[in-house]
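Structure first, then comments.
Chain letters run A, B, ... following the sequence lines, proteins first and then strands; every chain starts at 1.
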2 protein chains.
Amino acid sequence: MPDNKSKKADIFAVAKAARVSPSTVSRYFNHPELLKSATRKRIDSAVRRTGYIRNRAAQTIHGIRSGTIGVLIPTLDHAIFAEVVQAFSDTVAAQGFTILLASHGYDLQREYAILRKFLEHRVDGVVLTGLDHDEAVFQLLDSQEIPCILMWNYATASRYPSIGADNEQAGKLIAEHVLSLGHRRIACMFPPTHGNDRALARREIVLATLRSAGVTVPDEWMLTTLYSISDSKQDAQRLFSQFERPTALICGNDILATGALFGAAASGLVVPDDVSVVGIGDFKGSSEIEPSLSTVRLPARRIGYETGQALATAIIDPASAPNVSLHCAPELIVRKSSGPPGQAGHL
Amino acid sequence: MPDNKSKKADIFAVAKAARVSPSTVSRYFNHPELLKSATRKRIDSAVRRTGYIRNRAAQTIHGIRSGTIGVLIPTLDHAIFAEVVQAFSDTVAAQGFTILLASHGYDLQREYAILRKFLEHRVDGVVLTGLDHDEAVFQLLDSQEIPCILMWNYATASRYPSIGADNEQAGKLIAEHVLSLGHRRIACMFPPTHGNDRALARREIVLATLRSAGVTVPDEWMLTTLYSISDSKQDAQRLFSQFERPTALICGNDILATGALFGAAASGLVVPDDVSVVGIGDFKGSSEIEPSLSTVRLPARRIGYETGQALATAIIDPASAPNVSLHCAPELIVRKSSGPPGQAGHL
DNA sequence: AATAGTTTTGCAAATGTTTTCATAAATTCG
DNA sequence: CGAATTTATGAAAACATTTGCAAAACTATT
């Protein structure tokens with residue numbers, strides 16, 4: 001039982017208790033194979049008796065790795081980010097790292113400040129979410145010599161290695177799916193794109209894909225909707241109650257699509273007979289909803305895992321690290337919420 | 001523009017660049033009011049030029065606070081925990097703290113190991129999830145002199161201050177609601193309770209409340225279902241296809257309830273006419289689903305916020321800290337998924 | 001212009017480790 | 001059994017900062 005009130009449980013206290021020098025105690029932790037097994041045992045017991053806990057801060061000032069990784073995300077409130085972070089955290093935890101987590105709420109100024117905090121803590125590596133960041137952020141990273149990975153999105157020409165899904169491809173996949181079903185009267189619902197390069201990229205590519213097939217989306221069918229089921233339900237309901245009504249609705253993510261599904265039900269429409277609804281993301285639950293949602297899967301767990309692996313090796317063995325981007329391809333998932341356009345065009 | 005390749009951007013480099021002593025640079029950061037504004041300016045520019053970033057590790061070994069808080073949760077995969085963590089993180093970030101986050105996946109052994117890691121990093125405080133923890137964890141905390149709060153659940157006699165909702169009350173509220181509607185033929189669906197005191201407490205109190213109203217739940221109506229929409233949908237469907245069918249189903253959380261709602265739909269039952277379904281949690285989306293879910297709200301954001309406030313003050317000003325538990329009361333939310341039992345008792 | 005008082009700065013010790021180098025102890029070999 | 005070699009341990013310097021104390025630089029007062 002550790003001595004609760006022992007003044008200082010530092011390496012000296014342990015050394016005294018084990019009747020060895022502090023250096024030996026240090027070696028006990030860092031190079032145990034150098035010790036005689038008898039001394040090892042003695043120190044072992046001393047550590048237990050004193051309740052000593054190593055002080056990583058003291059190690060860190062020797063240039064030794066801190067064993068921490070800074071993870072910077074927009075918010076945990078989107079389950080998909082929570083999922084990525086969970087996978088990442090599990091992966092690097094297995095290699096002995098602990099994560100520093102902070103969210104910037106899509107405020108790029110805050111991102112810079114948080115990154116500085118991370119660096120003050122001497123993190124061994126950094127993960128940012130998405131490809132777009134303030135130039136100051138990149139410059140700060142340039143001046144440090146720790147690895148950084150841009151997680152979640154993928155692009156060949158990213159400023160730092162990126163590991164994630166190609167948004168353009170995701171948008172293209174879903175747009176093509178809708179087109180291939182024969183839809184021409186198509187509406188879109190996307191979240192506000194301010195400070196959110198992902199949403200922006202998706203919208204652009206969806207519109208471009210439709211356009212190149214000769215389909216244009218009229219302004220009043222181009223919805224900008226907050227990331228919430230209630231908002232999207234409401235907006236969808238309003239859309240569906242117009243005289244001219246689309247035969248398909250492409251949503252920027254599965255949350256919006258879920259709300260749209262509810263909105264359709266509330267408007268008395270049958271999905272997919274009256275209207276098709278598709279999303280992007282394949283969030284948890286998207287396969288279970290009624291009707292199950294056609295969408296594009298962004299492999300969150302895999303992205304988290306791959307990023308964790310890549311960053312951990314980049315930290316542990318910088319030489320071997322290829323430090324390259326990795327594409328975790330999105331995948332079209334066709335379920336029950338999409339089908340060919342029905343007869344019923346008008347009310 | 002910071003000197004990218006300056007060998008060492010330590011306090012000495014800054015001191016030289018500003019032609020002052022290192023001590024003065026230290027003061028610039030820690031007690032700026034002691035400096036002449038001219039020197040302050042000089043150092044300011046030197047910091048900029050050298051690209052110096054403070055080293056918190058070096059401060060920490062002086063007994064100065066590390067500015068980190070360890071947060072230990074079961075998993076981020078449950079959106080409700082992500083929500084609590086987000087609220088907590090925002091709250092303490094505003095006070096300058098950064099969080100170390102780790103999840104144990106309901107493995108109490110791992111919890112001990114993670115806590116040790118946190119302590120090695122000299123966190124200024126710790127947050128654990130739930131009331132039940134390994135005795136070794138508590139003893140370890142006892143031996144340290146940093147504040148710890150048990151977040152999420154509340155109990156008057158918790159081993160450490162607890163801030164959260166009273167599970168018993170939540171379970172009681174929902175059970176009483178179902179009883180008050182007139183149901184007597186009631187089924188229950190709860191997640192596996194191993195290593196999960198929350199789920200266990202909820203189930204016990206629900207059953208006890210029913211029992212004290214003279215209602216017993218037959219074994220085959222006592223479902224243990226994995227935390228997933230697909231599992232709960234399946235299990236609910238199986239339950240609803242039995243010859244004898246309950247008029248109400250109480251679910252241990254809203255995810256299970258959501259699945260059960262889908263299961264009911266798939267079985268051709270109308271909620272709440274044929275069967276009532278209720279949950280616990282009031283997760284995001286529970287109000288938007290069709291039919292909207294009757295449940296008990298566990299105020300996640302508030303819990304995260306209150307815990308953040310309490311822990312931050314306990315760290316910054318231990319004297320003033322009352323360091324007491326706080327109950328964030330759960331609240332019955334009656335929506336459309338519950339109603340009086342219908343005529344149709346049998347198939 | 002000298003004195004007393006105040007503000008600002010520098011020196012050096014301290015913090016809890018790791019690590020290099022040197023020495024002591026143990027082992028191997030002839 | 002003693003020399004040569006190997007293995008285990010200790011002493012002290014180093015790491016990046018903070019801080020108590022004292023000295024230096026200013027101000028105000030006469």
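Nearest nucleotide to the side chain of A:Ile61, out of C:dT17, D:dA16, D:dT17: D:dA16. Of the candidates C:dT17, D:dT18, D:dA16, the closest approach to any side-chain atom of A:Asn55 belongs to C:dT17.
Among residues two or more places apart in sequence or in another chain, the ring-ring contact (aromatic ring centres under 6.0 Å, His included) test is passed with A:Tyr154 by A:His327.
Aromatic ring orientation, B:His133 versus B:Phe138: perpendicular (interplanar angle above 60°, classes split at 30° and 60°).
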With 3.5 Å as the limit, what N/O pairs link the protein to nucleotides 22-28 of chain D?
none

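Between A:Thr60 and the phosphate of D:dC15, there is no side-chain N or O to OP1/OP2 separation shorter than 4.0 Å. Phosphate proximity of D:dT17 to B:Gln59: absent, as no side-chain N or O sits under 4.0 Å from OP1 or OP2.
With axes fitted over five pairs at each extremity, the angle between the ends of the helix from C:dA1-D:dT30 to C:dG30-D:dC1 is 30° (10° resolution).
Listed by residue number, the members of residues 17-30 of chain A with any heavy atom below 4.0 angstrom from DNA chain D are A:Val20, A:Ser21, A:Ser23, A:Thr24, A:Arg27.
Both A:Phe12 and B:Leu35 lie close to DNA chain C; mapped to their nearest nucleotides by heavy-atom distance, the more 5′-ward contact belongs to B:Leu35.
A straight line from NE2 of A:His62 to P of D:dA13 spans 14 Å, rounded to a whole angstrom.
Counting only residues at least two apart or on different chains, no ring-ring contact (aromatic ring centres under 6.0 Å, His included) pair has a member in residues 101-124 of chain B.
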Below 3.5 Å, can you tabulate the donor-acceptor pairs from side chains in residues 70-78 of chain B to any protein atom, sequence neighbours excluded?
{"from": "B:Thr75", "atom 1": "OG1", "to": "B:Asp77", "atom 2": "N", "distance (Å)": "2.9"}
{"from": "B:Asp77", "atom 1": "OD2", "to": "A:Arg301", "atom 2": "NH1", "distance (Å)": "3.1"}

